[in-house]
Amino acid sequence: MAADTTAPALPLAEPVPGAPNRPPAALQARAWLARRAEVVAIPVGAVVAGFGLFSLFLLVLGKSPVDFVNLVWRGGFGSPFALQNSLQRAAPLLFAALCVALPARLGLVVIGGEGAIVLGGVAAAAAAQPLQGWPATLAVPLMALAAAGAGALWIGAVGALRAYRGVNETIASLLMSYIAIALSNHLIEGVLRDPGSLNKPSTWPIGEAFAVGPLPGLDVHWGLGVGAIVCLAAYLLTERTTTGFAARIAGGNVRAAQIQGLPVGRLVVGFTALGGACAALAGFFEVAAVHGNANASLNAGFGYTGILVAFLARHNPLGIMPVAFLLGGIEASSGLIQRRMQLPDATVLVLEGLLFLVVLLSETLYGRFKMFSPHLWAEKRETSNGAAAAA
C-alpha cells in the first residue's frame with residue numbers, strides 16, 4: 001500500500017505577536033486554488049504530451065496529426081450524433097473506472113475489471129431466463145443484482161487474497177480476469193448457448209420486455225445516467241463518510257491504521273467487492289441495453305480503458321465522468337479514422353497506450369512545483385526576504 005508523502009502544511013506568513021498564527025485570507029484562497037490546480041494541470045499536461053508523442057508516431061507513418069485531431073473532433077464531438085455515440089461509449093467506462101478507483105483509495109492497483117464486466121453480463125443473461133414472465137420492474141433489478149453480485153464476489157476474492165494471504169492484488173486481479181473471461185466463454189458456448197446462434201455463439205435473448213431503454217431526450221441507454229449516479233455516490237462514500245476516511249488512512253499507512261484499530265482487512269475486501277460490482281454493472285447494461293444477450297462482444301476492452309480513465313482522473317469519482325467522455329469520444333471516432341486516414345482500427349489503442357505511459361510518468365511530478373505547493377511558499381518567501389535584506 002502506498003505511503004502518504006504529503007508534506008505538512010507550513011505557515012504562509014510571518015506570525016504577528018499577539019495575533020493568531022494564520023495566513024491572510026487572500027493567501028489562503030491562493031493556496032486552496034493551487035492545491036486543486038495541480039490535480040488538473042498535471043493530467044492535462046500528460047494528455048498533451050501523450051498527443052505529442054502520438055503525433056510523432058503519425059508523422060513516421062506519413063500521416064497528418066492535424067487530420068487525425070480533426071477526425072477525432074468530427075467523429076466524437078462535432079455533431080449531435082457524434083456526441084451521443086461518445087456518451088454511449090462512455091457509459092461502460094464509468095463503471096470500469098470505478099473498479100480501479102475505489103480500491104485505489106486503499107493503495108491497491110486492481111486491473112481485473114474486464115473479467116468482472118464479462119462475468120456480470122453472463123450473470124445478467126443467465127438470471128433473465130428463469131425470470132421470463134415476471135414484471136420488468138422486478139426482473140430487471142434482479143438481473144442487475146445478479147450481475148453486481150457476480151462481480152463483487154469475483155473482485156472481492158482478489159481483495160481477500162490481498163488482505164489475508166498477502167497476494168499481490170495487481171497480479172491476482174489480472175489472472176482472475178483471464179479466468180473470468182474463459183469461464184464466461186465456456187458458459188456462452190456451452191450450457192447457456194442459444195441453439196439458434198450459429199455464426200456467433202450467444203446466450204438466449206433476455207427478451208424485449210427486459211430491455212433497458214434510452215434516457216429521455218437522448219439516444220443513449222440508462223447506463224449513462226446510472227453510471228453518473230454511481231460516480232456521485234462513490235465520491236460521497238470516499239470523501240464524505242467515516243468509511244471513506246478510514247480507507248484513506250489505511251491507504252496512506254496501513255500500519256498506523258492497524259494500530260488505531262481500523263478493520264483494514266474488511267476495508268480491503270469491501271472496497272474491492274464494491275469495485276467489482278460496479279464493473280459488473282457495465283456488463284449488465286451491455287446485455288440489457290445494447291446486445292440483448294451475452295456473447296463475445298462483452299469482451300470489448302472496456303475494463304482496460306477504464307484503467308486509463310481512473311488514472312487520468314486521479315481516482316476521483318467525479319473526475320471519472322469528464323475523462324470517460326473524452327476517451328469515449330476518441331474511441332467513437334476510430335471507425336472514421338480508419339476509413340479516412342487508411343489506418344488500422346487499433347491506432348486508437350496506440351494513442352491510449354501512450355497516454356497511459358505518460359500519465360504513469362507524470363505521477364512523479366506531484367509535489368515538485370512550488371507554484372502548486374503552498375507549504376513551500378513560506379520557504380521561498382524567507383529566501384527572497386533574506387536576499388533582499390543582504391542587498
(message) Would you say F81 ends up clustered with L224 if hydrophobic residues are merged whenever their side chains have heavy atoms under 4.5 Å apart, either directly or through other cluster members?
(response) no
(message) Can you tell me how far apart CG (L59) and OG (S64) are? Round to the nearest 0.5 Å.
(response) 7.5 Å
(message) Just so I know, are the side chains of V39 and P43 near enough to count as touching, which here means a heavy-atom distance under 4.5 Å?
(response) no
(request) Compare all side-chain heavy atoms of L71 with those of S333 and state whether any distance is below 4.5 angstrom. (result) no
(request) Please round to the nearest 0.5 Å and tell me the distance separating atom CD1 of I320 and atom CG of L98. (result) 4.5 Å
(message) Which residues end up grouped with I249 if you chain together Ile, Leu, Val, Met, Phe, Trp and Tyr wherever their side-chain heavy atoms are less than 4.5 Å apart?
(response) F245, L262
(message) Can a donor-acceptor pair be found, under 3.5 Å and without considering hydrogens, that links the side chain of E169 to the backbone of R162?
(response) no
(message) Taking side-chain contact (heavy atoms from CB on, under 4.5 Å) as the definition, give me every residue that meets it alongside A96, ordered by chain and number, with sequence neighbours left out.
(response) I117
(message) To the closest 0.5 Å, what do you measure between CD1 (I330) and CZ (F325)?
(response) 11.0 Å
(request) Only counting residues at least two apart or in another chain, list the ones meeting side chain to side chain donor-acceptor pair (under 3.5 Å) with R105. (result) E239
(request) For F210, enumerate each residue passing the ring pair (Phe, Tyr, Trp, His ring centres under 6.0 Å) test, keeping only those at least two apart in sequence or located in another chain. (result) none
(message) Tell me the closest heavy-atom pair linking V264 and Q258, and the distance in Å.
(response) CG2-CG, 3.8 Å
(message) Side chains of L318 and L232, heavy atoms from C-beta outward: is any pair under 4.5 Å?
(response) yes
(message) A quick test of your reading: do over 12 heavy atoms of other residues, nucleotides or ligands sit less than 6.0 Å from CD of E363?
(response) yes
(request) Can you see which heavy atom on S55 is nearest to which on P65, and at what distance? (result) OG-CB, 3.6 Å
(request) Using the rule that two of Ile, Leu, Val, Met, Phe, Trp, Tyr join whenever any of their side-chain heavy atoms come within less than 4.5 Å, decide whether F285 and L218 are in one cluster. (result) yes
(message) To the nearest 0.5 Å, what is the distance between CG on L174 and CG on N168?
(response) 10.5 Å
(message) Show the nearest heavy-atom pair for residues L361 and T364, with the distance to one decimal.
(response) O-OG1, 2.8 Å
(message) If you compare all heavy atoms of F302 against all heavy atoms of L93, which two are closest, and at what distance to 0.1 Å?
(response) O-CD2, 3.8 Å
(request) Could you tell me which non-hydrogen atom of I155 sits nearest to which non-hydrogen atom of G276, and how far apart they are? (result) CG1-CA, 3.5 Å
(request) Please answer: with hydrophobic residues joined when any side-chain heavy atoms are less than 4.5 Å apart, are L326 and L53 in the same cluster? (result) yes
(request) Test V348 against E352 for side chain to side chain contact (heavy atoms under 4.5 Å, CB included), laying out the working first. (result) CA-CA 6 Å; V348 171; E352 291 181 356; 4.0 Å; yes
(request) Go through the structure and list residues passing side-chain contact (heavy atoms from CB on, under 4.5 Å) with T243, not counting sequence neighbours. (result) L237, T241, L267, F271
(request) May I have all residue pairs that pass side chain to side chain donor-acceptor pair (under 3.5 Å) and include part of residues 112-137, sequence neighbours excluded? (result) none
(message) Checking D345 now: which residues fulfil side chain to side chain donor-acceptor pair (under 3.5 Å) with it, not counting sequence neighbours?
(response) S334
(message) Could you go through V287 and T203, starting from their C-alpha distance and side-chain angles, then the distance that decides it, and tell me whether this counts as side chain to side chain contact (heavy atoms under 4.5 Å, CB included)?
(response) CA-CA 10 Å; V287 167; T203 62; over 6 Å; no
(message) Please say yes or no: joined through hydrophobic side-chain contacts below 4.5 Å, possibly via intermediate residues, are L236 and I229 part of one cluster?
(response) no
(request) Test L94 against V230 for side chain to side chain contact (heavy atoms under 4.5 Å, CB included), laying out the working first. (result) CA-CA 9 Å; L94 297 175; V230 172; over 6 Å; no
(request) For the pair F68 and M341, evaluate side chain to side chain contact (heavy atoms under 4.5 Å, CB included) and give the outcome as yes or no after the intermediate values. (result) CA-CA 8 Å; F68 179 86; M341 298 188 69; 3.9 Å; yes
(request) Not counting sequence neighbours, which residues clear side chain to side chain donor-acceptor pair (under 3.5 Å) with T305? List them please. (result) E331
(message) Donor-acceptor pair, distance only, cut-off 3.5 Å: does the side chain of W154 make one with the backbone of M176?
(response) yes
(request) Find out whether L336 and R74 are in side-chain contact, i.e. whether some heavy atom of one side chain is under 4.5 Å from a heavy atom of the other. (result) yes
(request) Could you name each residue pair satisfying side chain to side chain donor-acceptor pair (under 3.5 Å) that touches residues 183-201, not counting sequence neighbours? (result) K200-S297
(message) Can you tell me how far apart OG1 (T238) and CG (N316) are? Round to the nearest 0.5 Å.
(response) 7.0 Å
(request) Check for a donor-acceptor pair, side chain of T272 on one end and backbone N or O of V268 on the other, with a separation under 3.5 Å. (result) yes
(request) For the residue pair V290 and Q88, establish whether any side-chain heavy-atom pair is separated by less than 4.5 Å. (result) yes
(request) To the nearest 0.5 Å, tell me how far L61 CG sits from Q342 CD. (result) 13.0 Å
(request) Could you pull out all residues at least two apart from A144 that satisfy side-chain contact (heavy atoms from CB on, under 4.5 Å)? (result) L281, F284
(message) Can you list everything that forms a side-chain contact (heavy atoms from CB on, under 4.5 Å) with V350? Sequence neighbours excluded, please.
(response) F54, F57, L354
(request) Spell out, as yes or no, whether a donor-acceptor pair under 3.5 Å connects the side chain of S86 to the backbone of G76. (result) yes
(message) Using side-chain heavy atoms (C-beta onward) and a distance below 4.5 Å, is P92 in contact with E286?
(response) yes
(request) Not counting sequence neighbours, list each pair that qualifies as a ring pair (Phe, Tyr, Trp, His ring centres under 6.0 Å) and has a residue in residues 334-364. (result) F311-F356
(message) With clusters defined by side-chain heavy atoms of hydrophobic residues (ILVMFWY) lying less than 4.5 Å apart, directly or transitively, does V220 cluster with F77?
(response) yes
(message) To check you understand the geometry: which heavy-atom pair defines the closest contact between A150 and L119, and what is its length?
(response) O-CD2, 4.2 Å
